[in-house]
Amino acid sequence: MASGAYQTDMRDHKFVLFEQVEVQNLSGPKYEEFGQDLYEMILEEASKVATETISPINEIGDRQGCTWTDGAVTTADGYKEAYKTFCEAGWTMMGTPPEFGGQGLPLPVALATVEMFTGAGCAFMMYPGLTAAAGNLVRAMGDDWMKEHVLPKLLSGEWAGTMCLTEPQAGSAVGDVSTRAVRDGDHWRLQGTKIFVSGGEHDLTENIIHIMLARTEGAPAGIKGLSLFIVPKFILNKDGSLGPKNDLYCSGIEHKMGINGSATCTLSIGDNDGAQAWLIGNEAEGMMRMFHMMNEARIGVGVQGYALAAAAYDQALKYARDRIQGTDFKEFKDASARRVAIIEHPDVKRMLLHCRSQVDGMRALGITLAWFAENLETLPEDDPQRGKFEDLLQVLTPVHKSWCTDQGHDVTKWALQVYGGYGYIGEYPAEQYMRDSKIFSIYEGTNGIQALDLVGRKMAMKGGQSFMQLMSWINELIGDVGAIDDLKAEHAALEKGRDRLGGAAMHMMQLGMSGDQDLPVLHACDMLNLVGDVVISALIGQQAVIAHPKLDALAAAAGVDRSDLVARNAWLEGDGEARFYQRKLDNLAYFAHQFLPRTAQWQRAITSSDRSVLEAVL
Ligand SMILES: Cc1cc2nc3c(=O)[nH]c(=O)nc-3n(C[C@H](O)[C@H](O)[C@H](O)COP(=O)(O)OP(=O)(O)OC[C@H]3O[C@@H](n4cnc5c(N)ncnc54)[C@H](O)[C@@H]3O)c2cc1C
């Protein structure tokens, strides 16, 4: 039985929301009803739901998984009750605008709640997460009848939603989708097979709305020939009530490495007369429309990456404080020396600091992207900031998805290592976090595909201007670090990382102009890692810039000389707020001096002009 109910340090969430992006200062009619007090209350409630409703079923979902019998899927014990509680409390509608019955919570706050829910049970959160994304797609692009009869049920979670792209021959190559759509009066009939559909069948809701890509008759090959459809499990009557079962059958579920509580389904579509389906928008606009859902889902998957990393780190920290093993290394020859908690061993400290700084940086990126998106929803069309926010959101979406899922999984691995053998066995949740988090780098476009998006599309967007926008934003953040005398060494390290990024990006652009596509494609992941390392370090720098004067003020009030480490540590032991801000400075020091040097490796690989991988024989 894995011990370790989900718990999160609320101070971390509040820091990013109220001191870094300052969400409480958003102004305009949308925010009149809100304020920091209300946001904090919502966060506390969300943390309670995460701990009391979702966390208790996380291990059960993992051990039991889902069960398939004759096309029906039963979720693990407790899932149904938790889903009902979650939806009835309105958590699915937190970010939904009030005109659609939601709370209209600013996206950064809504995303912070999603992190907590996901950290407590990512398999469970797949159901409401994809449902919300399907709802948002219908809200943005659906016909009036869909908005009247389908949308409210999706937003409230009364019906669930899915996203059906993948087919046996069409994974990364979405353009190879072969599910066929034939017009039949005012609707369409679909035939084909979709695989790996998360939540494709289950017992949580009375209906499931599949958002599905298919190819209409005569449409061209490739992504330009795809159209997007709503395919309900139960067909709707004219008044929106449930009609007969559609010609759609779950022919099996996958047995997986992780997220076992989430049903991963094969759907046989239209084996009889064809499944009834309704077009969203026009024919051949499928990919463009699906991207609305995919971009939201990609941000969501990045959050999954750091949510599990954060949960794994929090648990590992607790364990390391309690687990007694060995002595201080300076006393290893003394058999009677005091036994210490493993957190005192430098190597364990290093692992934990690595995890914490990564988690803090990833969360900063996620919340910052949500803040850009929030501004884009409310800023006037002619506001000069819009262009910047749009560019940063575009360029950083694949970086957020990939970096937070690769590094997030890496954090779960280090968190497991902190436990030693106890991490590998089922007694603690460490091994589940590691297994659960592996899928994040694979679905929603593998990280390799995200890197191609960055290098092939995003860096070239607007003739490279969007990328330049990113570079100048990074410069602003790093410049602020340089303005603080105590942080000069860290500033120099950040500048070095930024220069490596600039040099590598320039090299890639020159390769592109020379017509060499091979090397940019080969090194796309190196480039994405390099961008991620530099962006995250700049955001960690921003956190240190915020923390530094606050720590100074607290030290001055307490009369502590921070250069005297013994006095400083005694003070930090008794002052939680000062300890919190000190952590932000420690994160920056770790990143600048221990982690950022790896940017040299990415730059060298990108600029080496070495073709050995391309020419190698496998
Ligand atoms: C648990 C789970 C849940 C899922 N949920 C959903 C869902 O809800 N809806 C849905 O539609 N799909 C879902 N998927 C499918 C998932 O999105 C795909 O598995 C993923 O897109 C990769 O496709 P593939 O498995 O066919 O791998 P492939 O496309 O065969 O890729 C194999 C490898 O080749 C690489 N590769 C492929 N093409 C290229 C290229 N052009 N350039 C460089 N590298 C390339 C990939 O990066 C990868 O490393 C889910 C999958 C799993 C396992």
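The shown structure was predicted, so the numbers you read here are calculated from the model rather than taken from an experiment.
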NZ/NE/NH1/NH2 to OD/OE distance under 4.0 Å, [X] and [Y]:
X	Y	result
D347	R350	yes
K458	D453	yes
D360	R583	no
K30	E374	yes
K388	E476	yes
E19	R11	yes

Does atom [atom1] of [X] have more than 12 heavy-atom neighbours from other groups under 6.0 Å away?
X	atom1	answer
D37	CG	no
Q465	CD	no
M461	CE	yes
K14	NZ	yes
W473	CH2	yes
M257	CE	yes

What class does the angle between the rings of F389 and F372 fall in, given that below 30° is parallel, 30 to 60° is tilted and above 60° is perpendicular?
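The arrangement is parallel - the two ring planes meet at less than 30°.
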Are Y6 and T51 close enough that some pair of their side-chain heavy atoms sits under 4.5 Å apart?
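The answer is yes, as the side chains (C-beta and beyond) meet within the 4.5 Å cut-off.
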Side-chain heavy atoms of Q315 within contact of Y319, under 4.5 Å
no
Could you go through the salt bridge (charged side-chain N to carboxylate O under 4.0 Å, His left out) check for E115 and R363 one step at a time?
CA-CA 9 Å; E115 183 204 318; R363 182 181 289 125; 2.7 Å; yes
